[in-house]
Protein chains: 2
Amino acid sequence: MKSNHKATIVDVAKAAGVSISTVSRVVNDYPHVRPEIRLRVQEAMEALSFVPNRQARRLVGSRSGVVGLMVHALGTEYIAQVTRGIDEALYEADYDLILYTTHRVPDREVHYAQAVAQGLADGLLIVVPSVGDAYLDTLRAANFPHVLVDVDNGNEKSSSVGITNYQGAYDATSYLLKLNHRRIGLITDQPEWSLSRSRLSGYKAALADHGLDYDPALIQQDNFMSPYTGRLVEAFLALDDPPTAIFTFNDTAALQVMETLRLKRIRVPQDISVVGFDDIAQAKTATPELTTVYHPVYEMGRAAVEILCEHIENPGSPPRHIQLETQLRIRESCCYWSDA
Amino acid sequence: MKSNHKATIVDVAKAAGVSISTVSRVVNDYPHVRPEIRLRVQEAMEALSFVPNRQARRLVGSRSGVVGLMVHALGTEYIAQVTRGIDEALYEADYDLILYTTHRVPDREVHYAQAVAQGLADGLLIVVPSVGDAYLDTLRAANFPHVLVDVDNGNEKSSSVGITNYQGAYDATSYLLKLNHRRIGLITDQPEWSLSRSRLSGYKAALADHGLDYDPALIQQDNFMSPYTGRLVEAFLALDDPPTAIFTFNDTAALQVMETLRLKRIRVPQDISVVGFDDIAQAKTATPELTTVYHPVYEMGRAAVEILCEHIENPGSPPRHIQLETQLRIRESCCYWSDA
DNA sequence: ATGAAAGCGCTAACAT
DNA sequence: ATGTTAGCGCTTTCAT
């Protein structure tokens, strides 16, 4: 017995005493196969523990059952949650997941897009906030199924799923305004990201609706270098008229703000209120618990998969855009401001 | 021009005016090609932005450049960090990563192992603590490159990389003992996992070295259902002679213990000391900061990739076993116990 | 040094 | 309802 050699359709065909096309039909669940023969083939498959070869399948132009996921890097809570939503939905749809981590090297993104489009995957999920048009054009030109995850530009010709960034920031800012805060410091993410721009608009709009103008001195940009956020807080504090509340575009930054404040013995929320964005796990375990804007990361992942599957199964289908709702989660890091 | 169709070796061959075999030689950097021809082919490749098709390559029996990663589920800090180490090392070695999440369904594990060994990937990384021998035998029989990550049985015929689980638990327990604790509650992970068994031995050994016997009533098993850990704490508290310290086999459980204790207004560390295992990010941000055993997750991932690559490049190579060192990280969640 | 040709495992016409 | 056959893009003998 040569059982150490992996079984192919040919082996199954021989074992079942039929032709390879019949086996293929059974494997793909196609009609026009006599029930008894179907059964016989299935038994042979079972006996030989046959698993169809995905690359061979893809090679002849049909589905491989694999979809690609392109992300900057692994290891953040945010990515972990998005990935979880994607993975679970993919599992239910019976797809495997191939991971492409760009490590923030833009060149890789272009290269990957090509590789993926030629490669094993039937479609691509893109969780890279700064979507350079370069490789998107490649994908669109090849009519390769793909969806952008967590971007905010509905005018794109690519499908996308995002959240209500504008509304989320608007809600958070309004909440602070209602608590009588008039000087609200803002720490933004990369301004090139469409979602940052939307959130910034939301912040400004809330201010405007309260008859307030925004103060450029109160808008600072985070650069994701860990100790940096603390400096921004110090810059705020050094102002003649420092903010009484700080709103950040991600929870990690908010948590760092709180930590910086704690080290400076400035009380949260009594002296300064803090609001974050995302609602990561640590937001609930922090002291005080962080008030933040809930970002439906997990659901976003699932929605993206749904759209992608539609594109894969239905190649001509037009781009779709889904926007999931954010939600203000009021906890302990904010309180009413009274000018004493 | 038909540039919307992706370039194949045939296109390159035509463009360079040579045969496909020559192109193949250039692509694979084989000898016996005249320098000028090599250059001409390279230019053609460049011009057509040719990317070799991996599945076609793999189909004829050579490397696919893909390795599989099998994990239970995504979304935990632990997995995120292991994956990060693996991903980065793989990136440097120029491999793609295909992810298999078993969702704790044993059947999926067997199925994946088969699928992978069938030819999708060149090798498999297994981060599934409960290693059922069933599919391992399949892999070994097929002589398929694979390495077990974070397991603890060096007697296996499969390569593995793990940590000093015994020593880690021994150190943590000894530390508590040195702080005069005599009743140390233990919350273990699944006892089927080899690493849990090693840690348990470490715990018992430390006790024994202090002339203490272990009390079965103080050893409880976590079941990973969020509210459950709290019950275990209550069970401890209900004892006639409750523990003065609690040691858990993962930080998530330790954090939940602390939360439960906080809700019950039992002070940590004054009333009860707590020690975790893993040293996840939240351990440092918790209040009080969690004392825990550092688990070199990231390095473990990298080490696993190193071994796997060796197996792939060198098919006959014998199994290797690496054990990385843990380290007790003393922070704020423990203090000296004096029977008042 | 280079090319022709035979597959790898599979699907999709095209027979029958 | 079932079988035959022609590729998919590539590597690898085997010729030349």
Side-chain angles (χ1 to χ4, degrees), chain A residues 2 5-42 44-45 48-66 114-122 142 315, chain B residues 2 5-42 44-45 48-66 114-122:
Chain A
K2 47 163 224 160
H5 194 268
K6 30 214 156 195
T8 73
I9 28 168
V10 179
D11 300 320
V12 177
K14 247 175 226 155
V18 295
S19 78
I20 60 166
S21 351
T22 302
V23 177
S24 179
R25 281 182 194 108
V26 172
V27 170
N28 293 289
D29 222 27
Y30 285 166
H32 307 306
V33 178
R34 256 185 11 240
E36 54 190 278
I37 298 237
R38 188 178 292 271
L39 194 68
R40 184 140 48 96
V41 172
Q42 277 160 348
M45 281 167 48
L48 295 160
S49 66
F50 166 77
V51 179
N53 181 314
R54 300 200 129 137
Q55 31 271 322
R57 219 180 230 186
R58 176 85 191 150
L59 198 54
V60 297
S62 93
R63 282 183 34 190
S64 66
V66 176
Q114 283 175 357
V116 172
Q118 321 232 349
L120 186 63
D122 296 330
Chain B
K2 46 162 225 162
H5 193 269
K6 29 213 158 196
T8 73
I9 30 168
V10 180
D11 301 320
V12 177
K14 246 175 228 155
V18 295
S19 79
I20 60 166
S21 340
T22 302
V23 177
S24 179
R25 281 182 194 109
V26 173
V27 170
N28 293 289
D29 222 30
Y30 285 167
H32 306 306
V33 178
R34 257 186 9 240
E36 52 190 280
I37 298 237
R38 187 178 293 271
L39 194 68
R40 185 141 47 97
V41 171
Q42 276 160 348
M45 281 167 50
L48 295 160
S49 65
F50 166 75
V51 180
N53 182 314
R54 284 193 156 152
Q55 27 277 308
R57 216 178 232 187
R58 175 77 190 168
L59 199 53
V60 299
S62 88
R63 278 184 38 187
S64 69
V66 176
Q114 277 178 202
V116 170
Q118 211 62 238
L120 220 192
D122 297 328

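Throughout, a chain's letter reflects where its sequence line sits, starting with A, and its residues are numbered from 1. No hydrogens, no waters, no symmetry mates; every other heavy atom, side chains included, goes into these values.
Of the residues in residues 27-35 of chain A, Asn28(A), Tyr30(A) come within less than 4.0 Å of DNA chain C through at least one heavy atom, sorted by number. Residues from residues 56-63 of chain A placing a heavy atom under 4.0 Å of any atom in DNA chain C, listed by number, are Ala56(A), Arg57(A), Val60(A), Ser62(A).
The residue Thr22(B) sits close only to the backbone: its heavy atoms come under 4.0 Å of sugar-phosphate atoms, none of a base. Residue contacts for Ile20(B): at a heavy-atom cut-off of 4.0 Å it reaches a base atom on one of the strands shown.
Taking only side-chain atoms of Ile37(B), from C-beta outward, the nucleotide of dG3(D), dT2(D), dT2(C) with the closest atom is dT2(C). Proximity note for Ile9(A) (side chain, C-beta onward) versus dC10(C), dT11(D), dA4(C): the nearest is dC10(C).
Between Thr8(B) and the phosphate of dG9(D), there is no side-chain N or O to OP1/OP2 separation shorter than 4.0 Å.
Residue Val41(A) is tested with Val18(A), Ile9(A), Val27(A) for a side-chain contact (heavy atoms from CB on, under 4.5 Å); the sole match is Val18(A).
Nearest heavy-atom pair across Ala15(B) and Leu48(B) is CB-CD1, 4.0 Å. For the residue pair Thr8(A) and Phe50(A), the shortest heavy atom distance occurs at C-CE1, 3.6 Å. Between Gly65(B) and Asp122(B), the closest heavy-atom pair is N-OD2, 2.7 Å. Minimum interatomic distance between Asp11(A) and Ala7(A) (heavy atoms only, all atoms of both residues): OD2-CA, 3.2 Å.
Place Val51(B) and Arg25(B) on DNA chain D by their nearest nucleotides, and Val51(B) ends up nearer the 5' end.
Ser24(B) contributes no side-chain N or O that forms a donor-acceptor pair with the base of dT12(D) under 3.5 Å.
Between Gln42(A) and Val26(A) the shortest side-chain heavy-atom distance falls below 4.5 Å. Taking the side chain as every heavy atom from C-beta outward, Gln55(B) and Asn53(A) never approach each other to under 4.5 Å.
Between the side chain of Arg25(A) and the backbone N or O of Pro31(A) there is no donor-acceptor pair closer than 3.5 Å.
In this structure, the CE atom of Met45(A) is 10 Å from the P atom of dC10(C), given to the nearest Å. Rounded to an integer number of Å, the gap from CG of Asn53(A) to C1' of dG9(D) is 14 Å. The distance from atom CG of Asp122(A) to atom P of dC10(C) is 16 Å, rounded to the nearest whole Å. Taking atom CD on Gln55(B) and atom P on dT11(D), their separation rounds to 12 Å, with Å as the unit.
Note that NZ of Lys14(B) is 13.0 Å distant from OG of Ser19(B), once rounded to the nearest 0.5 Å. To the nearest 0.5 Å, the span separating CG on Leu59(A) from OG on Ser64(A) amounts to 11.0 Å. Between Thr22(B) atom OG1 and Arg40(B) atom CZ the span is 9.5 Å, to the nearest 0.5 Å.
Bending across the helix from dA1(C)-dT16(D) to dT16(C)-dA1(D), expressed as the angle between its end axes from five pairs apiece, amounts to 40° (10° rounding).
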